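Step one of this worksheet: look at the structure below.
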Amino acid sequence: MQWKQLAAAVGTLCIIGAAALWAQHSEAANYPYVPYDHPAINYPGPATENPVAKLQDQLTRGQLKLGFDAKWGYLPSVLKYLGVNTDSQMLVFSKTSFQAAKISPEMPRALYFNDNVGVGYVQNGDVMEFAALDTKQGVVFYTMQRAKNKQPEFNRANQECLNCHLIPGTAYVPGLLATSVIPRPDGSLRFAASAILVDSRTPFEQRWGGWYVTGTSGTMQHRGNAFAPNPDRPSIFDFNNTQNITRLDDRFNIGAYLAPSSDIVALMTLEHQTRIFNLLTRTAWETRIAVHDGKLDAFKNRLGYLTDEVVAYMLFADEARMSSPVKGVSSFTRTFPERGPRDHRGRSLRDFDLETRLFRYPLSYMIYNSAFDALPQPAKGEIYRKLFSVLTSKPDGRYARLCAEDREAILEIVRDTKPDLPDYWRSTEK
């Protein structure tokens, strides 16, 4: 089919751009290729422990039926059953999907997400796109035909998605990524190899090339809403009327989307999730392979490195600094914290800061995720031990920014809200 050919072409661009960038950060050396068909992984095999697979099982059993909307097709119904809020909507106008031919600044691709699944929607696209976090296999990709169907179903989509989503920048596991590119006015890329993979560590000024961004960030400039229009100066953005934008209806028909925004706080939250998804998957895969092959003793040093990186990212050790407050325009800043557990003082790891950093309490809320809970015990035990060590000692070096007040608050919150903690986490309670 034509869209599969397009997928291969776009995938090549993604691989060139992302691999070139991440080679500079030694990611390829730190995360060499892992055989995803290893018996301990069997990624091509059935995936059942993720929200999309579970929803498909309900559809197959006739336990529920998707509604079809004349304007948006199955999208509203699917979001409802997956528990994804429309205020998480983000809009990307760069041609960086396998449905690239139907994406443009006038018709951006919409993305929606929660802690376990992402949904992609392209106007007049052939399919909706899904990336679901499976506790056994990591991120698994699906599509669903947009046309009305007597029995709509999610179809597993491997190779066309892995072209872009299995690269050094995803820790060489099928994973999630958010890119910042240099777009032409039509949304095509000026330089594929200039693509930047974005997460919590990325400097603010390098983020969101190819994305619409609604919300304010004070004096902090980003690449959102901007193009590189001059072919004689192809790497130079035109930033006129691109910063601190709170509405998009002067740029395209916002009525064609479920929400009127592409919220800056939602963007920053998703970017955090992408890398932690990938690090947890990578750590789980390598540990399971070591256990399966009877090489756990020889794996000790490697496990140390993998868990060091998980812990550092969970504690926002290398988070990019913010020099101005950030404020979104949708209800996401309110609804996202409402989803998480709270301690006896009403505090949550999902509470935003948005003044000097993303979250008020700098430990990732992904500690509550099923993917974290499903980590093999050797890996989860090591992560718990290292987290506890950092939180109960005076940090220096990589963790120097983690002040005593933050460490105490994180300990109290986790002790109140995480029931499966090792006993030693509670031994020093006051």
Side-chain angles (χ1 to χ4, degrees), residues 72 75-76 78-79 82-97 99-100 102-123 125 128-133 139 164-165 175-181 183 187 195-200 202 204 206-217 222-227 242-249 251-277 326-336 339 352 354 358:
W72 289 294
L75 178 63
V78 166
L79 293 179
L82 290 176
V84 178
N85 288 350
T86 58
D87 63 8
S88 69
Q89 177 179 282
M90 302 158 295
L91 301 171
V92 55
F93 59 79
S94 62
K95 295 180 181 295
T96 47
S97 161
Q99 300 189 85
K102 298 184 178 183
I103 300 170
S104 70
E106 293 74 35
M107 292 198 301
R109 178 185 181 216
L111 299 175
Y112 308 87
F113 74 100
N114 62 19
D115 295 7
N116 296 294
V117 65
V119 180
Y121 172 85
V122 178
Q123 284 191 58
M128 290 188 292
E129 308 159 29
F130 302 87
L133 185 60
V139 177
C164 286
H165 290 272
L176 298 180
L177 53 88
T179 61
S180 180
V181 302
I196 296 171
L197 294 188
V198 179
D199 56 44
S200 295
T202 307
F204 201 84
Q206 295 180 7
R207 301 188 187 193
W208 306 317
W211 298 74
Y212 284 117
V213 180
T214 53
T216 59
S217 56
H222 56 75
R223 296 180 175 183
N225 310 312
F227 307 98
T242 63
Q243 307 298 301
N244 298 307
I245 299 298
T246 58
R247 53 189 298 175
L248 296 169
D249 53 3
R251 299 167 192 256
F252 59 91
N253 178 19
I254 197 66
Y257 295 87
L258 293 175
S261 58
S262 182
D263 194 83
I264 191 171
V265 180
L267 280 160
M268 295 175 72
T269 304
L270 177 68
E271 289 161 354
H272 168 69
Q273 280 190 195
T274 59
R275 183 163 174 83
I276 195 62
F277 272 179
V326 167
K327 185 177 181 179
V329 298
S330 79
S331 58
F332 182 85
T333 304
R334 173 180 57 82
T335 61
F336 179 85
R339 290 180 169 231
F352 290 112
L354 302 177
L358 181 55

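Quick caveat: nothing in here was measured; it's all calculated off a predicted structure.
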In chain order, what residues pass the side-chain hydrogen bond (donor to acceptor under 3.5 Å, both in side chains) check against R207, with sequence neighbours excluded?
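Counting only residues at least two positions away or on another chain, R207 forms a side-chain hydrogen bond (donor to acceptor under 3.5 Å, both in side chains) with E271.
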Apply side-chain hydrogen bond (donor to acceptor under 3.5 Å, both in side chains) to W211 and list each qualifying residue two or more places apart in sequence or on a separate chain.
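Once residues adjacent in sequence are excluded, W211 has no partner under the side-chain hydrogen bond (donor to acceptor under 3.5 Å, both in side chains) criterion.
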So does [Y] get a backbone contact from the side chain of [X], meaning a donor-acceptor N/O pair under 3.5 Å?
X: K95; Y: I103; value: yes
X: S262; Y: M90; value: no
X: S104; Y: M107; value: yes
X: Y112; Y: V117; value: no
X: S88; Y: F113; value: yes
X: Q89; Y: L111; value: no
X: T179; Y: V181; value: no

With D115 via salt bridge (charged side-chain N to carboxylate O under 4.0 Å, His left out) - residues at least two apart:
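With neighbours one apart ignored, the set is R350.
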With R247 via salt bridge (charged side-chain N to carboxylate O under 4.0 Å, His left out) - residues at least two apart
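Here the qualifying residues are D249.
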What are the two closest heavy atoms between T274 and A178, and how far apart are they?
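Taking every non-hydrogen atom into account, CG2-N, 4.3 Å.
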Carefully, step by step, assess D199 and T202 under the rule side chain to side chain contact (heavy atoms under 4.5 Å, CB included).
CA-CA 6 Å; D199 56 44; T202 307; 4.0 Å; yes
Any residue meeting side-chain contact (heavy atoms from CB on, under 4.5 Å) with T335, in chain and number order, not counting sequence neighbours:
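Residues passing side-chain contact (heavy atoms from CB on, under 4.5 Å) with T335: N85, D87, S331, E338.
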Could you check T242 against N225 for side chain to side chain donor-acceptor pair (under 3.5 Å), going step by step and ending with a plain yes or no?
CA-CA 5 Å; T242 63; N225 310 312; 5.8 Å; no
To the nearest 0.5 Å, what is the distance between CD1 on I264 and OG1 on T333?
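Going from CD1 on I264 over to OG1 on T333, the span is 10.0 Å.
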Quick one: sort the Y257 and F252 rings into parallel, tilted or perpendicular, breaks at 30° and 60°.
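Plane angle over 60°, so perpendicular.
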Just grab all the salt bridge (Lys or Arg N to Asp or Glu O under 4.0 Å) pairs involving residues 103-114, residues at least two apart or on different chains.
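Output for this query lists R109-E129.
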Applying side chain to side chain contact (heavy atoms under 4.5 Å, CB included), run through L354 and K327 and close with a yes or a no.
CA-CA 7 Å; L354 302 177; K327 185 177 181 179; over 6 Å; no
Can you tell me if D263 and S330 form a side-chain donor-acceptor pair at under 3.5 Å?
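A pair is found: one side chain offers a donor N or O, the other an acceptor, under 3.5 Å apart.
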If you take the centroid of each ring, where Trp contributes its six-membered ring, are Y212 and F93 closer together than 6.0 Å?
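Yes, ring centres under 6.0 Å apart.
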